[in-house]
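In what follows, chains carry the letters A, B, and so on, assigned in the order in which the sequence lines appear, proteins first and then strands, with residues in each chain numbered from 1.
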Amino acid sequence: MQMSNDWLDIGTLNDIPKRAARVVKTVRGDIAIFRTMDDQVFALDDKCPHKGGPLSQGIVQGDSVTCPLHNWVISLKTGEAQGADQGCTRTIAVKLQEGRILLSWPGLAVKAA
Amino acid sequence: MAERLLIVGNGMAPGRMLEHLLDKAPGRYDITIFNAEPRVNYDRIMLSPVLSGEKSYEQIVIHGDGWYIKNGITLHKGTKVTGIDRAAKTISTDNGLVESYDKLVIATGSVPFIIPVPGHTLPGVLSYRDLDDVDAMILASKARGNAVVIGGGLLGLEAAAGLAEQGMDVTVVHLMPTLMERQLDASAGYLLKKEIERRGIKVVTGANTKAILGTSRVEGVELEDGTVLPASLVVMAVGIRPNGWLAKESGLTVNRGIVVDDQMRTSDPDIFSLGECVEHRGATYGLVAPLYEMAGVLARTLIDEPAAYNGSVTATKLKVTGISLFSAGDFAEAKDREEIVLRDAARGVYKRLVLKEGKIIGTVLYGDVEDGAWFFQLLREGADIAEMRQTLIFGQGYAGGAPLDPMAAVAALPDEAEICGCNGVCKSKITGAITANGLTSLEEVRAVTKASASCGSCTGLVEKLIGLTLGDTYAPKVSKAACGCTDLGHDDIRRLIIAKELKSIPAVMQELEWKTSCGCSKCRPALNYYLLATWPGDYTDDNQSRFINERVHANIQKDGTYSVVPRMWGGMTSAKELRAIADVADKFNIPSVKVTGGQRIDLLGVKKEDLPGVWADLNAAGMVSGHAYAKGLRTVKTCVGTEWCRFGTQDSTGLGIKLEKFTWGSWTPHKVKLGVSGCPRNCAEATVKDIGIICVDSGYEFHIAGAAGLEVKQTVLLCKIETEEEVLEYTGALMQLYREQAHYLDRIHKWMHRVGFDTVKQQIVEDHERRRALFARFVHAQSFAQVDPWAERVAGAFDYEFKPLADLRFAQAAE
């Protein structure tokens, strides 16, 4: 694992199958890293705003995910619940660089603080 | 008193003629039909779908017994007319009837041509002509042996595809160098051969049959070059001959066929003939569209309306699901002809137009046949195509230089354009019927005009015509869309997956024009299931289209932990298994251990990353996944039956174990639970299961469609059967029927409610062949399904699922 001031290298794009998610464990809970069909990467707290369901375990559709517990659909871009449901999950900045996934370190630090 | 009309033969041509006649002049004739085949009138074009198992005989009946009764027609089934006394105007039959007529119609059709090579009379050599042939072929295919089809024409290929579908190893032997050479040119024949071979059917062209080998029944086919092909079934499909025997005996003029004039009159003014048995202006016909034209002409002639048959130009389609092929007219090469050809190797598309003096005289389309009707129309009317020559080959949509609105293309079709080739229905007939009868749905248009009522490939065109005629008032009866990603309902999706041979989720989304890029959590699991059920062994499961429970083979609980249920066959366990379960609970700190309603033990609160470890230990003790999470077979609940119970009538525990070992691992539209009770006291609560068996003294009551979930349903008794083997067969067949017909997430009771109890009963209980075929398909699918998913994952499959991508906890702690 490589660290710079701002970004943490947490793995390669190919560590996550298309339309799937994997988890990064932190002291303040799990972060779900999603990879979409068209290889965009998103990071969200692994908690549905509804009842805390693990979003990483849901079905990824386009750029949203369906929570496995009660089928809320959460936008991967904004973390907001779609449709009639109301609620928002925190997103964390993430970027792809030469096939590697970089997670925003300050993003995590804010949470830890 | 009404005049007496006698008809010899009850095929599609006289059937259609009678429809016209009854429509125009009911009561004009006192009608009697003699039919050598012991059946009502059925759609012979649809024999191939019956052979391949896509349709049943009941589905291809055109006129059931009720139709004859309703119309006051006397139908003698299984009665052969043996002579006509033209002077006395009577006919006589093989069972001694003598009947007089005022008008007689001979519709004796054709007989298959059998090559008289040595061995051609051996048992196991069949022709492909009527339902008896199809029944015999289906029966022969049960043995799963080798079949040789002699003849690579339309019929031969349909027979070969059907037999392959039934599981036989098929070889097509064809005399000419390319397949269907009468309808296709060499290029299209090549593409067709490749497609046929891709389906596992061997094709030998340029092969002359020397002899059929065997002593008491067929054992093989020997070719002229010495090759011997082993065969337990030989189908001769080398052509048909007009059946003019009766007419000839009666002194009528018969050449190749019974000679008729433009009014369908034979050389005797009171005797008419139509169908495959006639010869008109030197031509004989073996396709249905011309026969239907003749039927219309004869009906009008019989009521003294002027009408004339002028001969037909015919077009051909191959009725093998998934192969698109269209051919019409003359496509031979000659000096005075030009041609336009379009090839697209990657798409497997080939189109060829043969032109003579600026007109289309022939066309062959392979792979993309959308424009067949339009080219055929231009051909029939001898249209001058000079103006659109540059874009002609791209089809009607592009003939104006730019793609047209599809409705505009249909609107632009002339009134006489043929829409339905099977039934010879033109555009004006459909639009006219809609206006005249106030029709508002596809079903009504089908019933009145017969358009789209046979092979159905023109359904889209017919619907466009309805829309065009009714305008905004037409609301097509849309089945409820499966989800927001498509307008198609579940039934349509299932049908199109089969018809278009779609074998992956991206293929379905592409071909069926999904509105989203990768579907949603509703349609993807459904598509994944439909593909899995349709193409067992062929389709690769899409893990990301499964709900988490099925993806990780455990049930997600409210706190994100999982519960694990090992299988306990028929509810039985042992001290060893219980010890292993207890050890696993200790080793992985599993907080709750519970007995479920399905007689098993549930380990609750397992962390996801511990799942492979838990499974490894349970596997080591001989246990496999209980699929407590699956849209599949869950459990078979039992009581102790005769083993311990003083009331037990049969070994219900033993039967439960057999049933579970037979059905476990199967994927179904929703969960499936079974129960076996040893007596009517029903301690296993079998009457609230999807399938429930109640053992009684004389055998087994087979119950279906119970549930104790969101809706509580009591089972209904499907039938009583006598042996354990039958219980297994009925269970497999019922599960397969449910697998093939239900919408995803429908329990058995919901599916049964939709299709009707009687339909299910008919297919499972009354139609023995169908039940056996369903059973065989279930067994086939199970050969790919019974793999323990736990062991696979313990061995490393999808291991990313169970490990975090990264663990930052220590790094953060060190900050």
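Ranked by heavy-atom pairs under 4.5 Å with chain B, the list A/I33, A/V60, A/I101 is led by A/V60. The greatest number of non-hydrogen atom pairs below 4.5 Å with chain A, out of B/S521, B/C518, B/C520, B/C485, is found for B/S521.
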Practice task
In sequence, state the C-alpha distance, the side-chain angles, and the governing distance for B/F547 and A/Q57, and then conclude on side chain to side chain contact (heavy atoms under 4.5 Å, CB included).
Solution key: CA-CA 8 Å; B/F547 186 65; A/Q57 311 301 299; over 6 Å; no
Exercise for the section: List the steps and the verdict of side chain to side chain contact (heavy atoms under 4.5 Å, CB included) for A/V23 and B/L805. Expected result: CA-CA 5 Å; A/V23 156; B/L805 179 61; over 6 Å; no
Practice task
For the pair A/R19 and B/D542, evaluate side chain to side chain contact (heavy atoms under 4.5 Å, CB included) and give the outcome as yes or no after the intermediate values.
Solution key: CA-CA 11 Å; A/R19 300 172 301 164; B/D542 180 22; 2.9 Å; yes
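Taking both residues in full, the closest heavy atoms of B/G560 and A/P54 are given as CA-CG, 4.1 Å, listed atom of the first, atom of the second, then distance. Nearest heavy-atom pair across A/L69 and B/Q557 is CD2-O, 3.7 Å. Closest heavy-atom contact between B/R551 and A/S56: NH2-O, 4.0 Å.
With a 4.5 angstrom heavy-atom cutoff, B/K803 touches chain A via backbone and side-chain atoms both. Heavy atoms closer than 4.5 Å to chain B are found nowhere in A/V73, neither backbone nor side chain. In this structure, chain B has no heavy atom under 4.5 Å from any part of A/S64.
With hydrogens and angles ignored, the 3.5 Å screen pairs no side-chain donor or acceptor of B/R809 with any backbone N or O of A/K25. Here the side chain of A/R22 pairs no donor or acceptor atom with the backbone of B/A806 at under 3.5 angstrom. Of the possible polar contacts, none joining the B/R524 side chain to the A/Q61 backbone as a donor-acceptor pair under 3.5 Å is found.
Around atom NZ of A/K51, no more than 12 heavy atoms belonging to other residues, nucleotides or ligands sit under 6.0 Å away. For B/K515, the NZ atom is densely surrounded, since the number of other residues' heavy atoms within 6.0 Å is greater than 12. B/Q510 CD: 12 or fewer foreign heavy atoms inside a 6.0 Å radius. By the 6.0 Å contact criterion, NZ on B/K631 is enclosed, its count of non-hydrogen atoms from other residues, nucleotides or ligands being greater than 12.
Within the 4.5 Å cutoff, no side-chain heavy atoms of B/D807 are placed close to those of A/V24.
Atom CD1 of residue B/I548 and atom CD1 of residue A/I59 lie 9.0 Å apart, to the nearest 0.5 angstrom.
By the side chain to side chain contact (heavy atoms under 4.5 Å, CB included) test, A/H50 is found to be paired with A/C48, A/H70, A/W72, residues two or more places apart in sequence or in another chain being considered.
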